[in-house]
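One structure below.
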Amino acid sequence: MKIFHPSKEIMVRCVINLTKTQGIETITSDQVHKISGISKGSMYHHFKDFDELIEVAESVIYASVVDDVISRLSTALSISKSREDFLTAIAAITYGNQTPEKVEDRLSRITYLAQAISSERMKLSMGAEQERLTQGIADLIREAQERGWANPNLNALAASIFLQAFTVGRVIDYISDERVDDESWIFLIAQVVDRVIFAPV
Amino acid sequence: MFRNIHPTKQTLIMTAVGLLEANPTAEITSEQILEISGISKGSLYHHFEDFSEMMEYAHVFIFTREVDKSIAEMNMMLLQSKTREDLVGFLSKVTRRSQSPDMKSLRNFRLVTVAKTVTNLRLRKFLAEEQLRLTGALADLYREAQERGWANPALNPTTVAIFVEAYTMGKVVDEIATTHMDPEDWYSIVDQTIEKILFPAVK
């Protein structure tokens, strides 16, 4: 996670906490000011306007899901003694990550991505987070390649984007109420993970 | 998508499509549409519940057009292929067209449209119908390839269709980052997925 100036951090955390009980679009600067105890002067010293604070909070929420996956992948890599161990650990992560409880996370990621496309400022803060995530996953894939546990004929960066792309892009399936069966999705993803990305040398 | 749609309605939608394509993030007003199309305000509100509904049609039109084009192209390829290898070779060409950096604005547009469905339920219902049609058409092609013994019999055709649509749209995560991958590296991972998982050679 990015390290902010303490007051900035408090305000961003305050917005993130509020999103647990209300929609982000309904949060007001008065609320943040009252709850965090940080003065408006300080707020506008750290952020150009209130929207910028909201955008930074959205980027942090956006990144937290992937941060969680990176830390689990990193643990899986460090405790695994063989490619088989590693794949078992990855299967557990895939399972946890593709289940219906993640629907809301994925929908909000899409909303934030859409904002990054339409707003230059949002693109700046999200772009930096996105870069860090993509590189984080790519580093792990590179490490697995060095151990001979991942496909040496893949570019680690492209593989990192591919993993994120089909995960984020699955929202396509959520537009309609007729959704593909989760088991068949997890089965397909497992094939791609085992035989394309982490294919043995 | 335009079957059974009145010509005036079509003209209005296509005017909006033209404006959206020229500038995807600009605010479009009903005055602009009426002026360019030469259609009266009364007529617009006869064909659409409100101005937003007309814009939703335009969004869905752009959303589906490119996928429809790819489906037609793949259908043709399936007809022309005599072997699995022919088909895989053709698909690799589709990948280079549909996943190219030139298609960036369309990918962005699709993502923005999907994001709008989170809060706009009318758009969601409308897009859901079109999305099911597209996924169904892709799944039919895959099923046909399975019957010929060229595609993986263990996979669910609808799931494969969603997977292909998902990574194509999800490529946006690269586009918002500050540095970008080499498109060739991306084509390579898609090619390998097609060859090893979606259309594997029979052992």
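Every chain is numbered from 1 and lettered A, B, ... according to where its sequence line falls, protein lines coming before strand lines.
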Could you walk me through whether B/I162 and A/R179 pass the side-chain contact (heavy atoms from CB on, under 4.5 Å) check?
-> CA-CA 10 Å; B/I162 294 282; A/R179 294 175 186 168; over 6 Å; no
Are B/E184 and A/N155 close enough, and set up right, to give a side-chain contact (heavy atoms from CB on, under 4.5 Å), and what steps lead you there?
-> CA-CA 10 Å; B/E184 289 303 324; A/N155 173 283; over 6 Å; no
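- Using a 4.5 Å cut-off between heavy atoms, B/L132 contacts chain A through its side chain alone, with no backbone atom that close.
- If you take CG on A/D177 and NZ on B/K125, they are separated by 11.0 Å, rounding to the nearest 0.5 Å.
- At a 4.5 Å heavy-atom cutoff, B/A161 makes no contact with chain A through either its backbone or its side chain.
- Here the CD atom belonging to B/E175 is positioned 9.0 Å from the CD1 atom belonging to A/I161, to the nearest 0.5 angstrom.
- Here B/L155 is the residue among B/V164, B/T119, B/T135, B/L155 with the most heavy-atom pairs under 4.5 Å with chain A.
- Looking only at heavy-atom pairs under 4.5 Å with chain B, the residue among A/V168, A/V180, A/I117 that has the most is A/I117.
- Here the OG1 atom belonging to B/T158 is positioned 9.5 Å from the CD atom belonging to A/E178, to the nearest 0.5 angstrom.
- Top candidate by heavy-atom pairs under 4.5 Å with chain B, chosen from A/L113, A/L133, A/I175, A/N151, is A/I175.
- Interface check for chain A: of the options B/R110, B/M169, B/E195, the most heavy-atom pairs under 4.5 Å are formed by B/M169.
- Other residues, nucleotides and ligands place more than 12 heavy atoms under 6.0 Å from the CD atom of A/Q31.
- A tilted orientation is assigned to the rings of B/Y167 and A/F162, their planes being inclined by 30° to 60°.
- To the nearest 0.5 Å, atoms CH2 (A/W185) and CG (B/N156) are separated by 11.0 Å.
- Summarising the local packing, CD of A/E120 is surrounded by 12 or fewer heavy atoms from other residues, nucleotides or ligands at distances under 6.0 Å.
- With a 4.5 angstrom heavy-atom cutoff, B/V173 touches chain A via backbone and side-chain atoms both.
- Residue contact with chain B, scored on non-hydrogen atoms closer than 4.5 Å, involves the side chain of A/F187 exclusively.
- In summary, the side chains of A/N153 and B/Q192 do not present any donor paired with an acceptor at a separation below 3.5 Å, with no hydrogens or angles considered.
- Of the listed residues (A/Q135, A/Q130, A/Q164, A/Q115), the one with the most heavy-atom contacts under 4.5 Å to chain B is A/Q130.
- Among A/L157, A/D173, A/T111, the residue making the largest number of heavy-atom pairs under 4.5 Å with chain B is A/D173.
- For the residue pair A/E131 and B/T178, a side-chain donor N or O sits within less than 3.5 Å of a side-chain acceptor on the partner.
- Residue B/Y187: no heavy atom, backbone or side chain, is found under 4.5 Å from chain A.
- Across every non-hydrogen atom of B/K196 and A/R195, the tightest pair is O-NH2, 3.1 Å.
- Rounding to the nearest 0.5 Å places CG of A/L188 at 7.0 Å from OG1 of B/T159.
- Annotation: the span from B/I176 atom CD1 to A/Y62 atom OH amounts to 4.5 Å, rounded to 0.5 Å.
- With a 6.0 Å radius and a threshold of 12 heavy atoms from other residues, nucleotides or ligands, B/E21 has its CD atom above the threshold.
- Contact of B/L134 with chain A is not made at all, since no heavy-atom distance falls under 4.5 Å.
- Heavy atoms closer than 4.5 Å to chain A are found nowhere in B/D182, neither backbone nor side chain.
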side-chain contact (heavy atoms from CB on, under 4.5 Å) evaluation trace for B/N152 with A/Q191 | CA-CA 11 Å; B/N152 192 337; A/Q191 305 263 313; 4.1 Å; yes
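- Taking both residues in full, the closest heavy atoms of B/A115 and A/A114 are given as CB-CB, 3.5 Å, listed atom of the first, atom of the second, then distance.
- Judged as a salt bridge (charged side-chain N to carboxylate O under 4.0 Å, His left out), and not counting sequence neighbours, the contacts of B/E73 are B/R97.
- Using a 4.5 Å cut-off between heavy atoms, B/V112 touches chain A through backbone and side chain atoms alike.
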